[in-house]
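For reference, positions follow the sequence shown, starting with 1.
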Amino acid sequence: GESAHWSRESDGGGAGFSLRAPIKMSGCQVPRNFCLLEELEDGQKGVGDGTVSWGLEDDEDMTLTRWTGMIIGPPRTCFENRIYSLKIECGSKYPEVAPTVRFVTKINMNGINNSNGMVDSRSIPVLSKWQNSYSIKAVLQDLRRMMTCKENVKTSQPPEGQTYSN
């Protein structure tokens, strides 16, 4: 039939190689910067529904280490209409190792240190079961989802707009 005719053409020396092939050579690890540049692009485009956003703290940061995140509190919770800003640090072993995450805006929520806003990675599912396919966006979305959990939904919150001192 016709289809056999087409398959011969694809054997033509090397044209079928994907440009992404070299990435797989380091034992299936995607280079850190490759991941982070992709995340930066997504953040700039504003993927998703706008309830979470992220970007580099300093556009000049060539190491792509320090990020800022933002979460808009979900409706029908004590976090509603509040804007929470976060600092996210992607260390040199990212994405093999989870980022460290800290709330800048004061928040009263399980898994968040009351004195400095540090997120306890053991109590956040995405961070405790971190995989290298996860992203900053996944962390922010998970934190926002936790705001809707029973144990957090009605907690009394600090006055709006307060920040942790450090």
Steps toward side chain to side chain contact (heavy atoms under 4.5 Å, CB included) verdict (Trp67, Glu89)
CA-CA 6 Å; Trp67 297 68; Glu89 195 156 313; over 6 Å; no
Taking the side chain as C-beta and beyond, is there a heavy-atom pair between [X] and [Y] under 4.5 Å?
{"X": "Ser135", "Y": "Glu38", "answer": "no"}
{"X": "Val101", "Y": "Leu143", "answer": "yes"}
{"X": "Leu64", "Y": "Asn33", "answer": "yes"}
{"X": "Glu39", "Y": "Cys90", "answer": "no"}
{"X": "Ile71", "Y": "Met147", "answer": "yes"}
{"X": "Leu86", "Y": "Trp54", "answer": "no"}

Taking Val119 as the starting point, is it possible to reach Val104 by hopping between hydrophobic residues whose side chains are less than 4.5 Å apart?
no
Residues Thr77, Asn152; criterion side chain to side chain contact (heavy atoms under 4.5 Å, CB included); working and verdict:
CA-CA 8 Å; Thr77 68; Asn152 293 317; over 6 Å; no
Are the side chain of Arg144 and the backbone of Ile72 linked by a donor-acceptor contact shorter than 3.5 Å?
yes
All side-chain contact (heavy atoms from CB on, under 4.5 Å) counterparts of [X], not counting sequence neighbours:
{"X": "Gln44", "answer": "Leu40"}
{"X": "Gln157", "answer": "Cys78, Phe79, Arg82, Tyr84, Ile107, Asn108, Thr155"}
{"X": "Lys93", "answer": "Val97"}
{"X": "Glu151", "answer": "Asn110, Cys149"}

Can you tell me how far apart [atom1] ([X]) and [atom2] ([Y]) are? Round to the nearest 0.5 Å.
{"X": "Lys87", "Y": "Thr68", "atom1": "NZ", "atom2": "OG1", "result": "7.0 Å"}
{"X": "Ile88", "Y": "Lys137", "atom1": "CD1", "atom2": "NZ", "result": "13.5 Å"}
{"X": "Asp42", "Y": "Leu37", "atom1": "CG", "atom2": "CG", "result": "11.0 Å"}

In short, ring pair (Phe, Tyr, Trp, His ring centres under 6.0 Å) pairs touching residues 115-162 with sequence neighbours left out are Tyr94-Trp130, Trp130-Tyr134
Show your reasoning for whether side chain to side chain contact (heavy atoms under 4.5 Å, CB included) applies to Val139 and Leu127.
CA-CA 7 Å; Val139 174; Leu127 293 172; 3.9 Å; yes
Please report the shortest heavy-atom distance between Tyr164 and Arg102, naming the atom on each side.
CB-NH1, 4.3 Å
Of the non-hydrogen atoms in Ser123 and Pro125, which two are nearest, and what is the gap between them?
O-CD, 3.7 Å
Is the CZ atom of Arg66 crowded by more than 12 outside heavy atoms at less than 6.0 Å?
no
Hey, are Lys45 and Glu41 close enough for a salt bridge, meaning a charged N less than 4.0 Å from a carboxylate O?
yes
Residues which pass side chain to side chain donor-acceptor pair (under 3.5 Å) with Thr65, listed by chain and number, not counting sequence neighbours:
Arg32, Thr63
